[in-house]
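Here the structure is laid out as structure tokens; the discussion comes afterwards.
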There are 2 protein chains.
Amino acid sequence: MSEDIYGEGPLKIYWRNPLHSDRRIVVCENPDIDEAVNRLNEAFSEKRVVIVVGSCWVDYRGRASSKLEPGERIVIVKEDGAVLVHRSKGYEPINWQPSGCILQVFKEEDNLVIKAVKRTPHEVVTMFFDRIHFLSTFKLVDEGEFSLYASEEDMQRAILAEPSLIEDGFKPIDYERKVKPGFVDVYGIDRDGRIVVVEIKRRTAGKEAVLQLAKYVETLRRSLGREVRGILAAPEISRDARQLLLSLGLDFRRVDPKKCSELLRRKEERRIVDFFYHP
Amino acid sequence: MSEDIYGEGPLKIYWRNPLHSDRRIVVCENPDIDEAVNRLNEAFSEKRVVIVVGSCWVDYRGRASSKLEPGERIVIVKEDGAVLVHRSKGYEPINWQPSGCILQVFKEEDNLVIKAVKRTPHEVVTMFFDRIHFLSTFKLVDEGEFSLYASEEDMQRAILAEPSLIEDGFKPIDYERKVKPGFVDVYGIDRDGRIVVVEIKRRTAGKEAVLQLAKYVETLRRSLGREVRGILAAPEISRDARQLLLSLGLDFRRVDPKKCSELLRRKEERRIVDFFYHP
DNA sequence: GCCTAGGTCCCGTCT
DNA sequence: AGACGGGGCCTAGGC
């Protein structure tokens, strides 16, 4: 068995000093059951993240119940009590417990037992290990922000379904329309009968987006020999891009990708309800 | 950096022998980027399971897109190419890729980059590591069977084996029967010879379940040109759903998933006993 | 490839 | 608390 301990600092490493108070990472290779029990108790009380790899079997009882026969798996226990039992294949854990469950660890008949209990609904996952290949516990530092964006395609579909997202009276004619050097996202006419080209961007539009729109507008203007309006639809536009947009006589319309995907979902829902109640 | 290698046998351990052909577990603590690239390439080509713990940021592009700013996380890559990025809290991975994606690993500007690409839909998850706390790769041996009880399938089988769970005189004719778009869970006739459609839910049935049943009843009524009864079988039904159910002239029957699985177990037991004692 | 439906779905939100 | 709907849902099964 070897053990390596890293300190708080990003690069300083403490070797074989389990008592160092700053230790953030503890790795035990091939620990015996007693040591594993100690390490896990320590980890659970300190709300450390735990990874156990070893030979285990698992019982689950709750809304349903299940039995997993022995085999080698990866078990993760997180700071908030979430538990995941992963096999060597597949996206999903074979057994699990969502966050907020209470953890117990003990030795029973020479096996390591980890019990994760949750209430409402009452559910119990019990993991039995007869061999632990390795066990590690961590204090992970993670303040990184996570941002999720809906797709540009959602925005396009939402605009086609609800053209007033661009402006009142806008009527789409076509989309993904081929113009010489590419595809126009949406193409239509405004309330005064003028041709409109819409360029959609899922994120803050920069000068590149403006130039792309300008290119399409210019191409169409020439090929049709008539006035063409250009509208940039995006959640935001950068200062420089707005400047450029105005100087080229183009318009900006704020469109939020998330709202677009919600709008689409609502439309779909209504379609189904209408089908049932007015068939 | 230390490294420990276990052999095929359950207890025999090979220390610091990276060339041993039987190695099943490789653990690298605090590896540098080049070593990590080598280990990962080796692991991916040998379809080993990988766990990486370190400081990383993640980009996702596909149906939607997302950005995860730097922080310490656990990344798991499985034999079949499934990828999971886990933060220190929560049941769900913050980023992921389902099984079947193609993996690339390389060094770029002193960072370790793991790229997981999937097609249909085309999706890319890119993970950048600037520090790796530890990296381990495994050949997990896992042939253990998994059994789940009290699923909707158990309820279906129980109803087919014991149709009085629905009502006295009910006779099932078919199950998983295809109707225009979808499948009827159980299909049969009641004591008065009327066609019955049964929709099974393993938990409290909501309005959606009622609408699902209504859809099947309506479709069959039209295609058969005769009366069709609809029965929703579930442990509970929500107030609103019950209201809707009644207004549509459908019935509810309380059926408990656990009792279904017990019934099946008892039937199975009896079958085995009968086989041995009255062959 | 599409569509349909289930899941120990999980999770946020609202009543 | 329950109820409802969304999800990069994932996954399995049919066509």
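By convention in this document, chain letters (A, B, ...) are assigned in the order of the sequence lines, proteins followed by strands, and residues within each chain are numbered from 1. Because only heavy atoms are used, hydrogens play no part in the values below, and waters and symmetry mates are left out as well, while side chains stay in.
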### Message
Classify D240(B) by what it touches in the nucleic acid, base, sugar-phosphate, or nothing, heavy-atom distance under 4.0 Å.
### Response
sugar-phosphate
### Task
Scan Y149(B) against the nucleic acid and name what it touches under 4.0 Å (heavy atoms): base, sugar-phosphate only, or nothing.
nothing
### Message
Please report the distance separating the P of dG8(D) from the corresponding atom of dC4(D), rounded so that it comes out in whole Å.
### Response
23 Å
### Message
Does any part of the side chain of S66(B), heavy atoms only, come nearer than 4.5 Å to the side chain of N95(B), both counted from C-beta?
### Response
yes
### Message
Output the rounded distance in Å from CD (E92(A)) to P (dG6(C)).
### Response
16 Å
### Distance, rounded to the nearest Å, where K78(A) contributes NZ and dC11(C) contributes C1'
14 Å
### Query
Expressed as a whole number of Å, how far does the P atom of dT8(C) sit from that of dT4(C)?
22 Å
#### Entry: K215(B) side-chain N/O to dA5(C) phosphate OP1/OP2 under 4.0 Å
yes
### Message
Short of 4.0 Å, heavy atom to strand atom, which residues of residues 50-72 of chain A count as contacting DNA chain D?
### Response
none
### Query
Just wondering, do V255(B) and M155(B) contact through their side chains at under 4.5 Å, heavy atoms?
yes
### Message
Students often get this wrong, so: under 4.0 angstrom with heavy atoms, is E152(B) touching a base, only sugar-phosphate, or nothing?
### Response
sugar-phosphate
### Task
Answer yes or no: is there a side-chain heavy-atom contact under 4.5 Å between M127(B) and V52(B)?
no
### Rounded distance in Å between the C1' positions of dG7(C) and dC11(C)
14 Å
### Query
Would H86(B) and E92(B) satisfy side chain to side chain contact (heavy atoms under 4.5 Å, CB included), going step by step from the backbone distance to the final call?
CA-CA 7 Å; H86(B) 274 282; E92(B) 290 176 330; 6.0 Å; no
### Query
Roughly, in whole Å, what's the span from CG in L84(B) to P in dG8(D)?
15 Å
### Query
Rounded to the nearest Å, what distance is computed from the CD atom of residue E208(B) to the C1' atom of nucleotide dT4(C)?
12 Å
### Summary
Separation of dG2(D) atom P from K201(B) atom NZ, nearest Å, is 20 Å
#### Entry: Centroid distance under 5.5 Å and plane angle under 30°, Y91(B) vs dC10(C)
no
### side-chain N/O Q212(B) vs dG6(C) OP1/OP2, d < 4.0 Å
yes
### Query
Between N95(A) and Y216(B), which has a closest nucleotide on DNA chain C that is more 5'?
Y216(B)
### Query
Which part of the nucleic acid does Q156(B) contact within heavy-atom distance under 4.0 Å: base, sugar-phosphate only, or nothing?
nothing
### Query
Has the side chain of E176(B) got a donor or acceptor atom sitting under 3.5 Å from an opposite partner on the base of dG14(D)?
no
### Query
Can you check the K89(B) NZ to dG12(C) P distance for me, whole Å?
12 Å
### Residue closer to the 5' end of DNA chain D, I94(B) versus T120(A) (nearest nucleotide)
T120(A)
### Message
Taking the nucleotide of DNA chain D with the nearest heavy atom to each, does V125(B) or K207(B) sit closer to the 5' end?
### Response
K207(B)
### Query
For dG8(D), which nucleotide in any strand shown is its Watson-Crick or wobble partner with both distances under 3.5 Å?
none
### Message
Just N and O in the side chain of W96(A): are any of them under 4.0 Å from OP1 or OP2 of dT8(C)?
### Response
no
### Message
Taking the C1' atom in each of dC10(C) and dG6(C), what is the distance between them to the nearest angstrom?
### Response
14 Å
### Message
Under a plain distance cut-off of 3.5 Å, with no hydrogens placed, do Y175(A) and Q156(A) share a side-chain donor-acceptor pair?
### Response
no
#### Entry: Near-parallel close stack of F183(B) and dA5(C) base (under 5.5 Å, under 30°)
no
### Query
Nearest-Å distance, NZ (K180(B)) to C1' (dA5(C))?
17 Å
### Query
Would you say F146(A) and L148(A) make side-chain contact, with heavy atoms under 4.5 Å?
yes
### Summary
Taken in chain and number order and not counting sequence neighbours, the residues that satisfy ring-ring contact (aromatic ring centres under 6.0 Å, His included) with F128(A) are W57(A)
### Message
Tell me whether the side-chain N/O atoms of K178(B) come closer than 4.0 Å to OP1 or OP2 in dC15(D).
### Response
no
### Task
Go through Y216(B) and E199(B) one step at a time and tell me if the side-chain hydrogen bond (donor to acceptor under 3.5 Å, both in side chains) criterion holds.
CA-CA 9 Å; Y216(B) 296 142; E199(B) 175 61 35; 4.9 Å; no
## Note on the structure
Atom CZ of F146(A) and atom P of dG8(D) are separated, to the nearest Å, by 8 Å
### Task
For side-chain hydrogen bond (donor to acceptor under 3.5 Å, both in side chains), just list the numbers for S55(B) and D130(B), CA-CA rounded to whole Å, side-chain angles, deciding distance to a tenth of an Å, and then say yes or no.
CA-CA 6 Å; S55(B) 172; D130(B) 61 0; 3.0 Å; yes
